[in-house]
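When a residue number appears, it is its place in the shown sequence, counting from 1. Atoms within each ligand, like the ligands themselves, are counted from 1 in listed order.
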Amino acid sequence: MSGRPPIAPEAVDTAVSLGGIALRNPVLTASGTFGYGTEFAPFLDLRRLGGIVSKSLTFAPRTGNLPARIAETASGMLNAIGLENVGVEVFAAEKLPALDPEVVVVASVFGTEMEHYAKVCERLDGERRVAGFEINASCPHVKAGGIEFGQKADVLADLVRTVRRATRKPVLIKLSPNVTSIAEMARVCEAEGADGISLINTLQALDVDVETRRPLLRNVLGGLSGPAIRPVALRMVYQASRAVKIPLCGIGGIESAEDAVKFLLCGATAVQVGTANYRNPAVAGEIADGIRAYAARHGFARVADLVGALDAPR
Ligand SMILES: Cc1cc2nc3c(=O)[nH]c(=O)nc-3n(C[C@H](O)[C@H](O)[C@H](O)COP(=O)(O)O)c2cc1C
């Protein structure tokens, strides 16, 4: 126990800064699990969130993989959507203006080639509604690009340098967990000028239907998400937080305020809620409220003071 006397929930300052992106609270929704935001507006007031991260945007629209491209697994799900998205022009012309002006929007960016990432960032650099970028360096189930960008330190360094040059807005790099040393990848991002790091994307995985003797997904391999990956994600956030000074955004299996607080304690400045949105489309708002309640109960006047407050032997 912290031994701090409880304070009133209204007295808690929930604001955090994620690499220069000002958030009213530390809860965002994860790329690919919350559409472009508007789909979820009937279920919760998006202004209750710290922000939303868009589906990963490519320069041209993409149709993605054929079904089956999602499947349920024990305490999680497998997906191989293949980065289906409307493309950057439709995002700017239709999706962004449809959102309440008070909603903080982080644009997730993907490209099958390095220059494609830069083109998406350049296109959105002047968009007032985009608070910053999250560079998806980690998608494990597209045929070209994706995994290579996030798995080799020198390629990741090139990617960070390329997007850094393409925009003046804050840049978060979203890392793949499918690496040997997450600390090394985090250091590469910091050295090349990233403003923050989001982690983790899905873990490369496979499941099988023994009756048909086929893989559950047509793509064979997919990405595992949900509560099953949470302890892995916590471990990686903890290790990255000891390797770099830039802020981290923790992602992986967060379903409750308690889960989110674990990530803050392990060193994340903010968190993202992904797969849990499918079970309860209002859950991210509930998690934001629950973090405030936790901070109040434990006597933390600022949610930011929970960041890295894990009481662990050094
Ligand atoms: C159906 C689905 C689609 C996803 N699409 C993207 C994407 O387009 N870009 C990206 O960076 N991450 C994508 N992700 C990964 C999530 O943003 C998140 O990193 C991952 O699911 C782990 O968090 P969770 O366990 O809370 O879902 C996707 C995940 C799912 C389940």
Between V105 and the options L28, V53, L124, L99, the side-chain contact (heavy atoms from CB on, under 4.5 Å) test singles out L99
For the 3.5 Å polar cut-off, considering only N or O atoms, please tell me whether G274 and ligand 1 meet it. yes
What about T33: any of its N or O atoms under 3.5 Å from an N or O on ligand 1? no
Any nitrogen or oxygen of N79, main chain or side chain, under 3.5 Å from a nitrogen or oxygen of ligand 1? no
Please state whether G253 comes within less than 4.0 angstrom of ligand 1, counting heavy atoms only. yes
Ring-face cation contact, F300 with R4, 6.0 Å cut, 45° max: yes
So, are E84 and R69 salt-bridged, with charged N and O less than 4.0 Å apart? yes
Under 4.0 Å between a side-chain nitrogen and a carboxylate oxygen: does that hold for R123 and E89? yes
Report the part of R230 in contact with ligand 1, treating N, CA, C, O as backbone and CB onward as side chain, heavy atoms under 4.0 Å; options are side chain, backbone, both, neither. neither
Per-atom contacts, ligand 1 versus K55 - under 4.0 Å to a heavy atom: 5 (N), 6 (C), 7 (C), 8 (O)
Testing V261, V283, V271 for side-chain contact (heavy atoms from CB on, under 4.5 Å) with I254, which one passes? V271
Side chains of Y36 and K55: does their closest heavy-atom pair fall under 4.5 Å? yes
Before you tell me yes or no, could you show the steps for T275 and N277 under side chain to side chain donor-acceptor pair (under 3.5 Å), namely the whole-Å CA-CA distance, both residues' side-chain angles and the distance that decides it to 0.1 Å? CA-CA 5 Å; T275 300; N277 295 309; over 6 Å; no
Pull out every atom of ligand 1 sitting under 4.0 Å from any heavy atom of A30, numbered as shown with elements. 17 (O)
Below 3.5 angstrom, do we get any N/O pair linking E134 and ligand 1? no
Check if I200 has a non-hydrogen atom at a distance under 4.0 Å from any atom of ligand 1. yes
Per-atom contacts of ligand 1 with Y278, taking only distances under 4.0 Å to non-hydrogen atoms: 1 (C)
Taking only heavy atoms of N136, which atoms of ligand 1 are found under 4.0 Å from at least one of them? 9 (N), 10 (C), 11 (O)
Examine V273 against ligand 1 and note whether any of their N/O atoms are separated by less than 3.5 Å. no
For S31, is at least one N or O under 3.5 Å away from an N or O on ligand 1? yes
Quick note on ligand 1: atoms under 4.0 Å from a heavy atom of T202 include exactly 20 (C), 21 (O)
Presence of salt bridge, E255 and R279, under 4.0 angstrom: yes
D158/R161 salt bridge by N-O under 4.0 Å criterion: yes
Quick test of your reading of the model: are D125 and R168 salt-bridged, counting only N-O distances below 4.0 Å? yes
By number and element, which atoms of ligand 1 are closer than 4.0 Å to a non-hydrogen atom of G252? 23 (O), 25 (O)
Lys/Arg N to Asp/Glu carboxylate O, D305 vs R302, below 4.0 Å: yes
Find all atoms of ligand 1 within a distance of less than 4.0 Å from any non-hydrogen atom belonging to I251, and give their numbers and elements. 18 (C), 19 (O), 22 (C), 23 (O)
State the atoms of ligand 1, each with its element, that fall below the 4.0 Å cut-off from a heavy-atom position in L83. 8 (O)
